[in-house]
Peer 1: 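Pasting a structure below so you can have a look.
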Amino acid sequence: MDKRPATQQPDLLFEVSWEVCNKIGGIYTVLSTKAKTLQKLNRDKTVFIGPDVWTEEHPSPWFTECNVPGLTVWAKKAQLPQGVSVRVGRWEIPGRPIAVLVKFDGMYAVKDEFYGEMWTRFGVDSLHAYGDYDEGCAFAHASGVVVESILASGYGAPEGAIAPKGKRGRPRKIKFDVVAHFDEWTTGMGLLYVKWKLPKVATIFTTHATSIGRSICGNNKPLYDYLNAYDGDQMARELNMEAKHSLEKAAATQADVFTTVSEITARECEQLLGRRPDIVTPNGFEKGFVPSGAKFKSDRAEARKVMLDVASALTGRQMDDNTFIVVTGGRCEYRNKGLDVYLDMAATLKSINCCRKVLAYVMVPAWPKEARADLRERLDNGLPADASPLAEPVITHWLNNPYGDAVMNRIREMGWEHIDPRVTVIYVPCYLNGTDGIFNRSYYDLIIGADATVFPSYYEPWGYTPLESVAFGVPTITTSLSGFGQWVIETYDNDFEDCGVNVIGRGDSNYDGVVHNIAHSVEYLTCADDKTIRRIHRAAARTAEAASWTNFIKYYEKAFAMATAKASQRK
């Protein structure tokens, strides 16, 4: 038995993110899978704070409003600014942690005054703000006020830890360990508010990807060959990113502890934000999402059937179960996520000796208009004996911008609309949440049926998609420019049979080589015998186990300890 003493947990932990009970991208996966482990360590001592962007007609499917002892009473009595309100309940994920959703509309009325205060105190330049900047800052400001109000109520404090109010109504003194953790630039104003108003509260800021680094890559500029020559402030001016960059830099500078998710992003932060993260906190995964035993086998068989049926209905050609299914997914960032590489890889497969026919899915949410009625009809009624391909047999949902979509344009350029018996490419441009009208299953319900996944990212601070893949026992191919890929290289021999992952070296100048190396990795899997495939699938599952939150939570525990130690030194 492990008798090592447990790391001291904070008495109360706030975690603030735009993606609490609000599934948008990878940060939702980070928080929702980490929550169960935090609950095991210190039950109900973590309060997740997210935006209340929901209505009675469209409620959050991940939030249940219910009684939480102490917090519900606070919410009824809280004197919050006009236009700011809260709902208290549970986040419907493994562990069911406490969640507070904040309605923040009232903060728009005071934003100019607040921005002025943040400029004076922390040098945050909001002058050139546009787009979603005001929305993120209004939520963050309101979240800071909510943290202040909760602590003033005495919630979460051990007995004797809150001193009575002093003379002239001065705030109560906090005598217990409180950590406020803020994720991404969208919560930066909340961290700065807490720093200003609650100096005894320990603060942590995590950037999962720098806003300016993502912008450099999104504008097709080389990030890695010239990283040491980039000045973050200058690039922010050039790319019209001054407000977000200024806020992110201030939050990173002012936080007691600054963290990021990988060494590759730590170097980026040091160069572009001017502060090297105090600690790297890699993203783990909760394997409770993965079925086991007989259910795993049945779920895999069902997922394969659905994906083969959709492909058969689109192409008018029945696809047998021996078809090799390969998938890419994630955020729809054409270059950053390597969608260009993936499509070129699929084209390369036509000219090499794959031992099985290949079905390549591109599952990235774009701007879908509606599920295809002609495809739905075939799925409901079966494939006619004399079936021919549907019009545009490469896409499952019609697009609002069919000629402005980078993935669709590339598919057309490469002639994928002409059916090739060796390789079929299908684009799924919708969010797979179980109600898309074609698959009617979640991404996790489908990924389990793949034979392999490919995530050839150019900009990927961590890379949840390949980690999710190996968690389902599906071998994956990624690149050395992802944080997860770097972790695999450092931990394993980077061999399919050793870890279920193949990490392809990628830089700014070897695009064609990356395409061919990935294609030959897929070829190898199509030709592997059953015994080898079983060994690779087991290796993938072991890798996922090594990257579980059970093993990775220690990095956050260290961050909590570092932050509380710093806060305790402030007068």
Side-chain angles (χ1 to χ4, degrees), residues 299-330 338-339 341-364 372 375 378-379 382-383 387-390 392-397 407-408 410-412 414-430 432 436 438-441 443-456 465 469 472-477 515 518-528 530 533 536-537:
D299 285 1
R300 175 170 166 77
E302 182 181 336
R304 288 186 64 77
K305 183 179 185 305
V306 170
M307 289 192 281
L308 291 171
D309 286 350
V310 169
S312 299
L314 279 170
T315 63
R317 177 169 50 85
Q318 192 68 49
M319 295 197 174
D320 61 62
D321 193 52
N322 192 48
T323 302
F324 188 90
I325 302 176
V326 60
V327 172
T328 195
L339 302 180
V341 172
Y342 183 80
L343 293 173
D344 287 347
M345 175 277 298
T348 303
L349 289 176
K350 293 193 291 186
S351 62
I352 60 180
N353 298 318
C354 289
C355 300
R356 296 160 65 183
K357 294 175 182 177
V358 176
L359 170 57
Y361 268 103
V362 183
M363 296 179 171
V364 291
R372 292 183 60 159
L375 173 56
R378 276 196 176 179
L379 291 171
L383 194 65
S388 58
L390 296 178
E392 295 200 270
V394 292
I395 191 166
T396 59
H397 296 68
V407 172
M408 194 61 194
R410 184 61 177 151
I411 286 173
R412 289 196 189 97
M414 302 173 80
W416 285 110
E417 291 172 300
H418 303 289
I419 305 301
D420 188 297
R422 295 164 295 177
V423 183
T424 302
V425 169
I426 294 178
Y427 181 24
V428 185
C430 68
L432 291 167
D436 62 272
I438 298 296
F439 297 95
N440 293 326
R441 287 163 176 79
Y443 175 76
Y444 287 169
D445 291 335
L446 292 174
I447 197 70
I448 193 174
D451 292 294
T453 57
V454 176
F455 304 104
T465 43
S469 178
F472 283 90
V474 177
T476 191
I477 303 164
V515 169
I518 294 175
H520 285 292
S521 294
V522 172
E523 177 197 15
Y524 165 78
L525 291 173
T526 67
C527 297
D530 289 345
I533 289 297
I536 290 172
H537 280 246

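Numbering starts at 1 and runs along the sequence shown. These numbers come from a predicted model, not from an experiment.
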Peer 1: If I compare all heavy atoms of Ala313 with all of Leu383, which pair ends up nearest, and what's the gap?
Peer 2: CA-CD1, 4.0 Å
Peer 1: Measure the spacing between NE2 of His520 and CG of Leu349 and express it to the nearest 0.5 Å.
Peer 2: 9.0 Å
Peer 1: Determine, stepwise, if the pair Cys354 / Cys527 fulfils disulfide (SG to SG under 2.5 Å).
Peer 2: CA-CA 7 Å; Cys354 289; Cys527 297; over 6 Å; no
Peer 1: Hey, mind stepping through Thr424 and Met319 against side-chain contact (heavy atoms from CB on, under 4.5 Å) and telling me if it holds?
Peer 2: CA-CA 10 Å; Thr424 302; Met319 295 197 174; 3.3 Å; yes
Peer 1: Please round to the nearest 0.5 Å and tell me the distance separating atom CZ of Arg304 and atom CG of Asp321.
Peer 2: 5.0 Å
Peer 1: For Asp530, what residues pass the salt bridge (charged side-chain N to carboxylate O under 4.0 Å, His left out) criterion, not counting sequence neighbours?
Peer 2: none
Peer 1: Would you check, one step at a time, whether the test side-chain contact (heavy atoms from CB on, under 4.5 Å) holds for Leu432 with Asp445?
Peer 2: CA-CA 9 Å; Leu432 291 167; Asp445 291 335; over 6 Å; no
Peer 1: Where do Val474 and Ile447 come nearest, in terms of heavy atoms and distance?
Peer 2: CG2-O, 3.6 Å
Peer 1: Of all the heavy-atom pairs spanning Gly329 and Phe455, show the shortest one and how long it is.
Peer 2: N-CE2, 3.3 Å
Peer 1: Just grab all the salt bridge (charged side-chain N to carboxylate O under 4.0 Å, His left out) pairs involving residues 309-320, residues at least two apart or on different chains.
Peer 2: Lys305-Asp309
Peer 1: Below 4.5 Å, heavy atoms only, C-beta onward: do Ile395 and Tyr427 meet side chain to side chain?
Peer 2: yes
Peer 1: Rounded to the nearest 0.5 Å, what separates atom CD1 in Ile536 from atom OG1 in Thr476?
Peer 2: 12.5 Å
Peer 1: Is the shortest heavy-atom distance from the side chain of Asp344 to the side chain of Met414 under 4.5 Å?
Peer 2: yes
Peer 1: Is the shortest heavy-atom distance from the side chain of Leu390 to the side chain of Arg372 under 4.5 Å?
Peer 2: yes
Peer 1: Measure the CD1-CE distance between Ile518 and Met345 for me, rounded to the nearest 0.5 Å.
Peer 2: 6.5 Å
Peer 1: Minimum heavy-atom separation for Tyr342 and Tyr361, please, with both atom names.
Peer 2: OH-O, 3.0 Å
Peer 1: Can you tell if the side chain of Val407 reaches within under 4.5 Å of the side chain of Pro429, non-hydrogen atoms only?
Peer 2: no
Peer 1: Applying side chain to side chain contact (heavy atoms under 4.5 Å, CB included), name anything that partners Asp299, two or more places apart in sequence or on another chain.
Peer 2: Pro291, Lys295, Ile448
Peer 1: Roughly how far apart are Leu446 CG and Met363 CE, rounded to 0.5 Å?
Peer 2: 5.0 Å
Peer 1: Roughly how far, to the nearest 0.5 Å, is the CD1 atom of Ile352 from the OH atom of Tyr524?
Peer 2: 14.5 Å
Peer 1: Answer yes or no: is there an ion pair linking Arg441 with Glu302, defined by an N-O contact shorter than 4.0 Å?
Peer 2: yes
Peer 1: Write down the atom of Phe439, the atom of Val306, and the distance for their closest heavy-atom approach.
Peer 2: CD2-CG1, 3.6 Å
Peer 1: Enumerate the residue pairs fulfilling salt bridge (charged side-chain N to carboxylate O under 4.0 Å, His left out) with a member in residues 345-362, sequence neighbours excluded, ordered by first and then second residue.
Peer 2: Arg356-Asp451
Peer 1: Can you pull out every salt bridge (charged side-chain N to carboxylate O under 4.0 Å, His left out) where at least one residue sits in residues 418-428? Sequence neighbours excluded, please.
Peer 2: Asp420-Arg422
Peer 1: Please enumerate all residues that pass ring pair (Phe, Tyr, Trp, His ring centres under 6.0 Å) together with Tyr444, with sequence neighbours excluded.
Peer 2: Phe289, Phe472
Peer 1: So which heavy atom on Pro456 is nearest to which on Gly338, and how close?
Peer 2: CG-O, 3.2 Å
Peer 1: Side chains of Thr465 and Thr453, heavy atoms from C-beta outward: is any pair under 4.5 Å?
Peer 2: no
Peer 1: Find out whether Val425 and Val394 are in side-chain contact, i.e. whether some heavy atom of one side chain is under 4.5 Å from a heavy atom of the other.
Peer 2: no
